[in-house]
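Read the structure below first, then the notes.
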Amino acid sequence: MKMILLRHAESLGNVDELAYTRIPDHALPLTAKGEQEARAMAPEIARLLGGTRPAVYVSPYLRTRETLRLLDIRASCERLVQEPRLREQDWGNLQDPADQEVQKARRHEFGHFFYRLPFGESGADVDDRVAAFLSDLRMREENHPETVLIVSHGLTLRLLCRRLFGWSIELFESLSNPATCEYRVVSESDGKWALDRPFAQWRDSPDGETQL
């Protein structure tokens with residue numbers, strides 16, 4: 001069994017933080033560069049799929065759906081599901097730029113996992129919904145494809161791996177998001193999951209734990 005975890009391509013919010021003040025997070029589109037990133041990733045995703053008919057689960061945000069569309073694999077999917085539990089961490093509605101800088105600083109000091117945004121979620125909230133998604137992902141059922149493609153967001157994908165591998169919160173907080181349109185492959189053999197390559201780490205984990 002194999003899961004391909006793909007972060008969306010570059011979106012407007014990645015290059016213009018003021019976009020969050022006028023466009024809802026879920027409606028932010030890809031940039032022209034992001035569209036190019038997604039098209040360029042298409043052959044690599046096709047290679048990873050290896051001719052299999054995958055189950056595809058995509059965050060319902062516009063930038064993830066546009067990324068999936070530009071991969072041009074819909075015709076070869078066994079099933080395609082928009083999954084709200086794979087959405088980005090909720091930062092609230094239209095955002096005030098000055099307040100968001102304050103929230104980011106407080107979140108960094110407090111810890112990305114437990115800090116609850118005043119009108120949104122904590123990382124722990126995202127962790128809970130990722131756990132619920134994984135619990136419902138019945139890859140071992142006879143009619144479920146053994147290959148899964150998940151198109152989601154950086155923090156969400158890191159938390160999905162935290163759940164699969166049982167990483168500590170300290171290790172999770174020491175890891176960086178994958179770059180836009182970057183992927184990781186998680187494969188299962190004999191009941192154990194393995195990651196094809198680690199996430200970049202911006203600091204050592206305080207408890208000394210390392211990625212599997």
*Strictly under 6.0 Å, is that where the ring centroids of Tyr61 and His8 end up?*
no

*Identify whether Leu80 and Ile73 are in the same connected component of the hydrophobic contact network (ILVMFWY, side-chain heavy atoms under 4.5 Å).*
yes

*Does Asp196 use its side chain to pair, donor to acceptor, with the backbone of Arg184 at less than 3.5 Å?*
no

*Are Ser205 and Glu170 linked by a side-chain donor-acceptor pair shorter than 3.5 Å?*
no

*Spacing of CH2 belonging to Trp91 relative to CZ belonging to Arg107, to within rounding of 0.5 Å*: 4.5 Å

*Group every Ile, Leu, Val, Met, Phe, Trp and Tyr by side-chain heavy-atom contacts under 4.5 Å, then state whether Ile150 and Phe172 land in the same group.*
yes

*Minimum-distance pair of heavy atoms, taken over all atoms of Thr21 and Leu18*: OG1-O, 2.5 Å

*With distance as the sole test, does Thr147 use its side chain to make a donor-acceptor pair with the main-chain N or O of Thr52 at under 3.5 Å?*
no

*Test Asp127 against Phe113 for side-chain contact (heavy atoms from CB on, under 4.5 Å), laying out the working first.*
CA-CA 9 Å; Asp127 191 80; Phe113 188 82; 3.8 Å; yes

*List the steps and the verdict of side-chain contact (heavy atoms from CB on, under 4.5 Å) for Leu171 and Gln201.*
CA-CA 9 Å; Leu171 177 57; Gln201 200 160 4; 3.6 Å; yes

*Given Arg63, which of Asn14, Asp25, Thr31 fulfils the side chain to side chain donor-acceptor pair (under 3.5 Å) condition?*
Asp25

_Any side-chain heavy-atom pair of Arg203 and Glu173 under 4.5 Å_ = yes

_Reported CD-to-CG distance for the pair Gln36 and Leu70, which is rounded to 0.5 angstrom_ = 10.5 Å

*asked:* Are Ile169 and Leu134 connected into the same hydrophobic cluster when the rule is that any two of I, L, V, M, F, W, Y join if their side-chain heavy atoms are below 4.5 Å apart?
replied: yes

_Quick check for you: to the nearest 0.5 Å, what is the distance between Asn177 atom CG and Phe199 atom CZ?_
8.0 Å

*Looking at Pro145 and Arg53, what are the two nearest heavy atoms and their distance?*
CB-O, 3.4 Å

*Would you say Arg162's side chain and Trp167's backbone share a donor-acceptor pair under 3.5 angstrom?*
yes

*Is there side-chain contact between His26 and Arg87, with at least one heavy-atom pair below 4.5 Å?*
no

*Say whether Ile45 and Met1 are linked into one hydrophobic cluster, either directly or through other cluster members, by side-chain heavy-atom distances under 4.5 angstrom.*
no

*Is the closest side-chain heavy-atom distance between Leu175 and Gln211 below 4.5 Å?*
yes

*Determine, for Tyr115 and Arg106, whether the Lys NZ or Arg CZ falls below 6.0 Å from the six-membered ring centre while staying within 45 degrees of the axis.*
no

*Which heavy-atom pair separates Val186 from Cys161 by the least distance, and what is that distance?*
CG2-SG, 4.3 Å

*Less than 4.5 Å apart, any side-chain heavy atom of Leu157 and any of Val130?*
no

*Step by step, would you call Glu44 with Ile4 a side-chain contact (heavy atoms from CB on, under 4.5 Å)?*
CA-CA 11 Å; Glu44 179 66 2; Ile4 303 163; over 6 Å; no

_Gap between atom CZ of Phe133 and atom CG of Leu86 - 0.5 Å precision_ = 4.5 Å

*Given side-chain contact (heavy atoms from CB on, under 4.5 Å), test Lys33 with Val15 step by step and report yes or no.*
CA-CA 10 Å; Lys33 178 184 174 183; Val15 297; over 6 Å; no

*Any idea which heavy atoms bring Pro24 and Leu94 closest together, and the distance?*
N-CD2, 3.7 Å

*Please state whether the rings of Tyr57 and His144 are parallel, tilted or perpendicular, taking 30° and 60° as the class boundaries.*
parallel

*May I ask you to check whether over 12 heavy atoms, not counting those of Asp204, lie within 6.0 Å of atom CG?*
no

*Mind checking whether Gln89 and Glu121 have side chains closer than 4.5 Å, heavy atoms only?*
yes

*asked:* So Thr67 and Thr180, do their side chains get closer than 4.5 Å, heavy atoms only?
replied: no

_Does Asn143, at its CG atom, have more than 12 non-hydrogen atoms belonging to other residues, nucleotides or ligands within less than 6.0 Å?_
yes

*For the residue pair Ser152 and Thr64, what are the closest heavy atoms and their distance?*
O-CG2, 3.5 Å

*Side chain to side chain, Leu155 and Arg7, heavy atoms closer than 4.5 Å*: no

*Do Tyr20 and Gln100 come within less than 4.5 Å of each other through their side chains, counting heavy atoms only?*
no

*asked:* Please check: side-chain N/O of Glu66 versus main-chain N/O of Leu30, any donor-acceptor pairing under 3.5 Å?
replied: yes

_Are Leu160 and Val81 linked, directly or through intermediate hydrophobic residues, by side-chain heavy-atom contacts shorter than 4.5 Å (ILVMFWY only)?_
yes

*Shortest non-hydrogen contact from Ser76 toward Pro54*: O-CD, 3.4 Å

*asked:* With a 3.5 Å distance limit and no angle check, can you tell me whether Gln103 reaches the backbone of Pro118 through a side-chain donor-acceptor pair?
replied: no

_Using modelled atom types and a 3.5 Å cut-off, is there a donor and acceptor pairing between side-chain atoms of Asp128 and backbone atoms of Asp125?_
no

_So, taking the atom named OH in Tyr183 and the one named CE in Met41, what distance separates them when rounded to the nearest 0.5 Å?_
6.5 Å

*Got a second to check how far Asp72's CG is from Arg39's CZ, nearest 0.5 Å?*
10.0 Å

*For the residue pair His108 and His112, categorise the inter-ring angle as parallel (less than 30°), tilted (30 to 60°) or perpendicular (more than 60°).*
perpendicular

